[in-house]
Amino acid sequence: RSTLFPYTTLFRSRDEYACRAGTTTAFNNGTDIETDDQVYGECPNLDPVGWYWCNSGSKTHPVGQKQPNAWGLYDMHGNVMEWCLDRYGAYPATPVVDPVGENTEPYPAVRGGSYSYYDDGAKKCRSAERDPRLNTATSTSLGFRVALAQNVIERQTLTITINDTKLYDGTPLVSGYTKATVTGLLD
């Protein structure tokens, strides 16, 4: 055991906390979804902070083109859904600090919404939104956010394999030409 600064993905509760940056609204710019039409349609309040199916042109965009939240974090809404370290499931019924999903659910959680799909409208990009995904799922709209944490940990191996056998087309972030396989996080 040693004190390290390991790289990790976030638990879904920490991801929501980081996304909100002190806000209690649907989006971290202090705004909400104002009409029923905006749930799956164009949402002017989401446009300044997130890429979603109405404004993305069906592709990912370089990080930092939308407004950051109050803590300087970009792309917390939309662009790509992000894997979480814990499993999808209900939050505890009573108040807790920093809840971690139990490994009783078969699916890891993803958060943040994405640039693609009709059902990834404003509703799926809300600060509180989370969804389940098979841990074998692959998609150009699925990625992960790397965080640095100070912990006393046991050394573990984390392997990230990039399959780059196709020609890179210059698409930033995630593309159909890049597939990453991560082991050690969801085991």
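Basis for what follows: all heavy atoms, side chains included, without hydrogens, waters or symmetry-related copies.
When all heavy atoms are compared, the tightest approach of Gln38 to Ala122 is O-CB, 3.2 Å. Residues Cys125 and Gly113 come closest through the heavy atom pair SG-CA, 4.0 Å. Nearest approach of Phe27 to Cys43, heavy atoms of both residues: CE1-SG, 3.9 Å. Here the shortest heavy-atom pairing between Ser141 and Ser116 reads CB-OG, 3.4 Å. The minimum heavy-atom distance between Tyr74 and Gly64, with the atom names listed, is CD2-CA, 3.3 Å.
Looking at Asp47 and Tyr52, their side chains do bring a donor and an acceptor atom within 3.5 Å of each other. Using modelled atom types and a 3.5 Å distance limit, the side chains of Thr35 and Asp37 yield no donor-acceptor pair. Residues Gln67 and Asn29 bring no donor and acceptor atom of their side chains to less than 3.5 Å of each other.
Separation of atoms OG1 (Thr138) and CZ (Arg133) is listed at 11.5 Å; rounding is to 0.5 Å. Rounding to the nearest 0.5 Å gives a distance of 8.5 Å between CD of Gln65 and CG of Asp75. Here Arg130 contributes atom CZ and Asp86 contributes atom CG; the two are 9.5 Å apart, rounded to the nearest 0.5 Å. Atom-to-atom distance recorded for Thr9:OG1 and Asp15:CG is 9.0 Å, nearest 0.5 angstrom.
Ionic pairing of Arg111 and Glu82 is not present here: no N-O contact between side-chain nitrogen and carboxylate oxygen is shorter than 4.0 angstrom. A salt bridge links Lys124 with Asp131: the closest approach of a Lys/Arg side-chain nitrogen to an acidic carboxylate oxygen falls below 4.0 angstrom.
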For this session: Apply ring-ring contact (aromatic ring centres under 6.0 Å, His included) to the pair Tyr115 and His61, showing each step before the final yes or no.
Result: CA-CA 9 Å; Tyr115 73 89; His61 293 270; 8.0 Å; no
For this session: Please assess Asn55 against Lys66 for the test side-chain contact (heavy atoms from CB on, under 4.5 Å), listing each intermediate value before the final yes or no.
Result: CA-CA 11 Å; Asn55 67 1; Lys66 295 290 185 175; 3.5 Å; yes
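Put simply, the side chain of Arg12 never gets that close to the backbone of Val110: no donor and acceptor are under 3.5 Å apart. Within the 3.5 Å criterion, the main-chain N or O of His77 finds no donor-acceptor partner in the side chain of Trp51. Without hydrogens or angle criteria, Ser127 side chain to Ala26 main chain gives a donor-acceptor distance under 3.5 Å. No donor-acceptor pair under 3.5 Å is formed between the side chain of Asn28 and the backbone N or O of Ala21. Using a distance-only test at 3.5 Å, with no hydrogens or angles considered, a donor-acceptor pair links the side chain of Asn45 to the main chain of Asp32. At least one donor-acceptor pair closer than 3.5 Å links the side chain of Asn69 to the backbone N or O of Cys19.
Hydrophobic clustering, with ILVMFWY side chains joined whenever heavy atoms are under 4.5 angstrom apart, keeps Leu73 apart from Leu85. Met76 and Phe144 fall into different hydrophobic clusters, defined by Ile, Leu, Val, Met, Phe, Trp and Tyr side-chain heavy atoms under 4.5 Å apart, directly or through other members. With hydrophobic clusters built from ILVMFWY side chains whose heavy atoms lie under 4.5 angstrom apart, Leu142 shares a cluster with Val146.
The shortest distance between side-chain heavy atoms of Pro108 and Trp83 falls below 4.5 Å. With a 4.5 Å cut-off on side-chain heavy atoms, Thr60 and Asn79 count as touching. Side-chain contact check for Tyr40 versus Lys123: some heavy-atom pair is nearer than 4.5 Å.
Chaining together hydrophobic side chains whose heavy atoms lie under 4.5 Å apart leaves Leu10 on its own.
Taking Tyr17 as the reference, Trp71 meet the side chain to side chain contact (heavy atoms under 4.5 Å, CB included) condition, with sequence neighbours excluded.
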